[in-house]
Amino acid sequence: MPQRGDELLASRRAKLERLRERNVDPYPARFHRTHTTAEAAHAFTEAEAAGTDGPAVTVAGRIVRLRRMGKASFADIEDSEGRLQLFIRSDAVGDEYALVDDLDLGDFAGASGTLIRTKMGEISLAAESLTLLAKSLRPPPEKFHGLRDVEQRYRQRYLDLISNREVHEAMRARSRIISAIRAFFDARGFLEVDTPVLVPVPAGAMAQPFVTRHNALDRDLYLRIATELYLKRLIVGGMDKVYEIGRVFRNEGIDANHNPEFTLLESYEAYADYNDVMRLVETLVPQVALEATGGTNIEYGGEVIRLTGPWPRVSLHDAIEQYAGVNLDDHPDASSLADKMRAIGVAATYAESRGRLIDKLVGTFVEPKLVQPAFLVDYPVEMSPLAKASPDNPRYTERFEAFAAGMEIANSFTELNDPDVQRERLAEQEELRKQYQGEDLDRMDEDFLTALEHGMPPTGGLGIGVDRLVMLLTGQTTIRDVMLFPQVRQTGEPDA
RNA sequence: GCCCCCGUAGCUCAAUGGCAGAGCGCCGGGCUUUUAACCCGGGCGUUGCAGGUUCGAGUCCUGUCGGGGGUACCA
């Protein structure tokens with residue numbers, strides 16, 4: 001990227017030099033504030049209410065506005081909690097007033113003095129001392145319109161944070177949501193664990209992995225695509241309730257709902273089944289919403305979504321029949337189903353597996369209808385290699401997915417714990433992979449099967465895409481706005 | 001992966017194929033209660049990049065890089 005705006009940088013560097021010539025350290029090691037901006041405002045309001053003078057405080061922050069009027073100036077400083085106006089008069093700060101000439105928007109400054117209310121009614125610090133804390137050498141985004149360029153917002157998120165206050169609030173909401181999830185599981189006796197990110201087999205979901213290389217072991221390793229199979233090993237080991245909130249990696253496309261790395265919550269509970277997990281989910285989501293946003297009704301895309309449970313259960317079979325007019329039982333093989341789908345105007349080919357065709361039907365006809373929270377239950381066995389088959393109908397599994405705002409937010413099943421059946425299912429996945437090249441299928445994991453052979457109790461498992469839950473609860477329509485550093489293409493030259 | 005749209009000053013944006021502009025920011029000057037401070041003076045630019053058409057290209061064409069949206073894929 002060609003270096004532009006050189007004169008702006010040069011002018012700031014010139015100020016830096018002038019400061020050094022005057023023996024002002026532009027990057028002092030420390031500065032101790034007594035109050036944040038919000039605490040200072042609060043302290044003043046209390047003093048005012050008590051009829052006493054404003055307290056003496058020391059504050060610090062980034063200069064976001066600067067109004068110089070000869071021998072007096074106003075500087076608005078900002079910290080993570082808010083803003084405070086500094087009123088700097090040369091007769092109050094003395095020689096330090098010279099510093100004002102070399103300040104720029106974006107610099108960090110600290111000040112000590114007494115809190116007052118100005119003629120215009122704004123709580124301000126009447127500075128008696130002013131200290132430069134860090135010189136900014138690059139110009140900040142435009143102060144009124146803010147940073148609008150979406151590319152730069154994501155590439156240089158710190159500028160977005162400086163310029164657009166609402167980003168702070170979105171990330172605080174994300175933090176509250178994750179804290180609330182932890183509190184929910186902790187309160188129910190679940191143990192939070194960490195399982196490997198670098199794995200020898202990228203199994204536990206249907207997705208393309210990232211490959212990496214371990215030099216000392218001289219072998220390829222993969223970034224995990226799920227935490228599922230390791231958490232089940234812990235169930236085998238006797239940890240009856242475990243959960244993990246972790247980053248997983250899928251080597252797939254990037255769009256408003258997908259980022260190559262995202263945060264996945266998975267939980268496993270021994271002696272629970274998918275009905276228990278449904279009750280858990282319809283309790284968890286509204287509770288997290290309440291703690292993180294203060295309510296259980298969410299406005300999303302112009303609709304009010306009521307999260308309070310219980311949520312309706314609809315079988316996948318019935319939902320497809322209702323919304324797509326297709327009876328899955330009439331089309332037990334992929335080619336028959338593909339014919340039917342083409343007859344009703346859905347792009348379907350004989351190169352697609354039955355599971356993928358069903359997934360397409362759900363995505364096209366059913367998902368968009370599920371605006372209010374609902375569980376789709378009982379998925380066909382070929383779509384669910386890790387789920388236990390229904391005792392009543394072996395073509396279906398005890399699996400559900402939860403939807404809200406037309407978005408999938410949870411996936412869960414009564415876990416398959418018969419090691420021989422599990423081996424057959426994973427072998428079938430490997431066969432399907434050969435038959436349907438280009439489709440994402442699960443993978444054989446011998447070490448996991450060995451664990452299952454030692455015996456896993458009946459277990460209910462759950463996966464929730466945390467980023468999508470944050471989107472739902474904060475009304476964001478793109479995943480990039482709920483993560484700080486979404487993936488962006490590398491430009492040849494890193495700008496630094 | 002495919003289709004469509006976008007890329008102009010540090011930032012936010014203008015400019016029928018005809019001299020590249022405005023606001024903020026920045027630089028110089030003034031100002032001791034301002035609020036996107038104000039007043040006076042100063043455009044600070046390889047119009048993403050490389051070609052092409054044209055008397056003349058920010059504008060039209062081709063390619064390329066980056067971004068956005070859609071679609072495909074996908075917890």
Side-chain angles (χ1 to χ4, degrees), chain A residues 1-12 14-15 64-76 83 85-93 97 100-101 104-106 116-122 124 126 136-155 159 162-163 204-208 225-226 228 248 250-260 262-266 347 352 356 359-360 362-363 367 383-384 401-403 407-412 438-440 462-469 477-480 488-493:
Chain A
M1 186 182 288
Q3 191 75 292
R4 293 184 291 189
D6 283 342
E7 59 289 333
L8 293 175
L9 274 58
S11 125
R12 285 171 180 246
K15 290 174 185 171
V64 294
R65 300 282 190 279
L66 191 54
R67 297 176 289 282
R68 279 180 276 235
M69 292 166 299
K71 295 191 174 63
S73 296
F74 292 90
D76 299 344
R83 283 186 186 177
Q85 176 170 267
L86 306 183
F87 181 30
I88 307 154
R89 300 195 314 173
S90 67
D91 56 9
V93 300
Y97 195 78
V100 171
D101 284 338
D104 286 297
L105 295 184
I116 59 161
R117 196 179 280 281
T118 64
K119 263 185 205 167
M120 299 302 288
E122 179 156 348
S124 305
S136 166
L137 297 178
R138 288 176 181 270
E142 205 255 9
K143 66 185 181 185
F144 184 60
H145 297 91
L147 181 64
R148 284 293 143 73
D149 179 25
V150 280
E151 177 179 358
Q152 199 170 7
R153 285 190 52 220
Y154 300 134
R155 278 191 195 281
L159 293 181
I162 290 168
S163 182
M206 300 178 181
Q208 291 295 321
I225 59 172
E228 172 145 3
V248 299
R250 298 189 181 178
N251 205 338
E252 286 150 6
I254 299 172
D255 65 23
N257 290 307
H258 296 86
N259 193 67
F262 63 98
T263 301
L264 183 63
L265 159 72
E266 288 197 46
E352 293 173 287
R356 178 155 150 179
D359 201 44
K360 194 173 273 188
V362 174
E367 258 190 68
M383 297 174 73
S384 315
E401 293 191 340
F403 294 85
M407 213 167 26
E408 179 196 334
I409 56 170
N411 179 25
S412 162
E439 281 194 30
D440 295 333
L462 169 66
I464 291 182
V466 171
D467 310 282
R468 290 196 186 165
L469 182 63
T477 54
T478 162
I479 198 168
R480 286 185 299 257
V488 287
R489 201 176 303 235
Q490 279 297 313
T491 55
E493 302 166 288

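Hydrogens, waters and symmetry mates play no part in the numbers below; they use all other heavy atoms, side chains included. Bear in mind that the values here come from a model prediction, so they are computed numbers and not experimental data. Residue numbers begin at 1 in each chain, while the letters A, B, ... track the order of the sequences.
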Within the sub-3.5 Å range, which N or O atoms of nucleotides 2-7 of chain B have a protein N or O partner, and how far apart are they?
none

Could you measure between the two P atoms, the one in B:C31 and the one in B:G68, and give it in whole Å? 49 Å
In whole Å, I'd like the distance from the CZ atom of A:Arg117 to the P atom of B:U34. 16 Å
Checking contacts here: which listed nucleotide (B:U35, B:C26, B:U33) is nearest the side-chain heavy atoms of A:Lys15? B:C26
Taken to the nearest whole Å, CD1/A:Ile88 to C1'/B:U32 is 12 Å
Using atom P in both nucleotides, what's the gap between B:C38 and B:C49 to the nearest angstrom? 34 Å
Of the nucleotides B:U35, B:U33, B:C27, which one has an atom closest to the side chain of A:Ser11? B:C27
Report which part of the nucleic acid A:Arg83 touches: base, sugar-phosphate, or nothing (heavy-atom distance under 4.0 Å, all strands). nothing
Whole Å only: how far is the CG atom of A:Leu105 from the C1' atom of B:A36? 11 Å
B:C44 to B:A22 separation - C1' atoms, rounded to the nearest Å: 14 Å
Proximity to the side chain of A:Met69 - top-ranked nucleotide from B:C73, B:G68, B:U34: B:U34
A:Arg68 has an atom CZ; how far is it from atom C1' of B:G25, in whole Å? 12 Å
What I want to find out is whether A:Asp76 reaches A:Arg67 closely enough, with some N-O distance under 4.0 Å, to be called a salt bridge. yes
Against the side chain of A:Arg67, the closest entry in B:C27, B:U35, B:U32 is B:U35
Proximal nucleotide (of B:U34, B:C73, B:G67) relative to the A:Arg155 side chain: B:G67
Tell me which nucleotide among B:A37, B:C27, B:U34 gets nearest to the side chain of A:Arg65. B:A37
Rounding to the closest angstrom, what is the interatomic distance between B:G17 and B:C13 at atom C1'? 22 Å
Are any of the side-chain heavy atoms of A:Phe262 and A:Arg250 separated by less than 4.5 Å? yes
Does A:Gln85 get its side chain close enough to the base of B:U34, under 3.5 Å, for a donor-acceptor pair? yes
When you measure from the side chain of A:Leu147, which nucleotide among B:G68, B:U35, B:C11 comes out closest? B:C11
Please tell me which of the listed nucleotides, B:U34, B:C11, B:G68, lies nearest to the side chain of A:Val150? B:G68
Sugar-phosphate only, base, or nothing, as touched by A:Gln152 at under 4.0 Å among non-hydrogen atoms: sugar-phosphate
Considering only heavy side-chain atoms of A:Thr118, the closest of B:U32, B:C27, B:U34 is B:U34
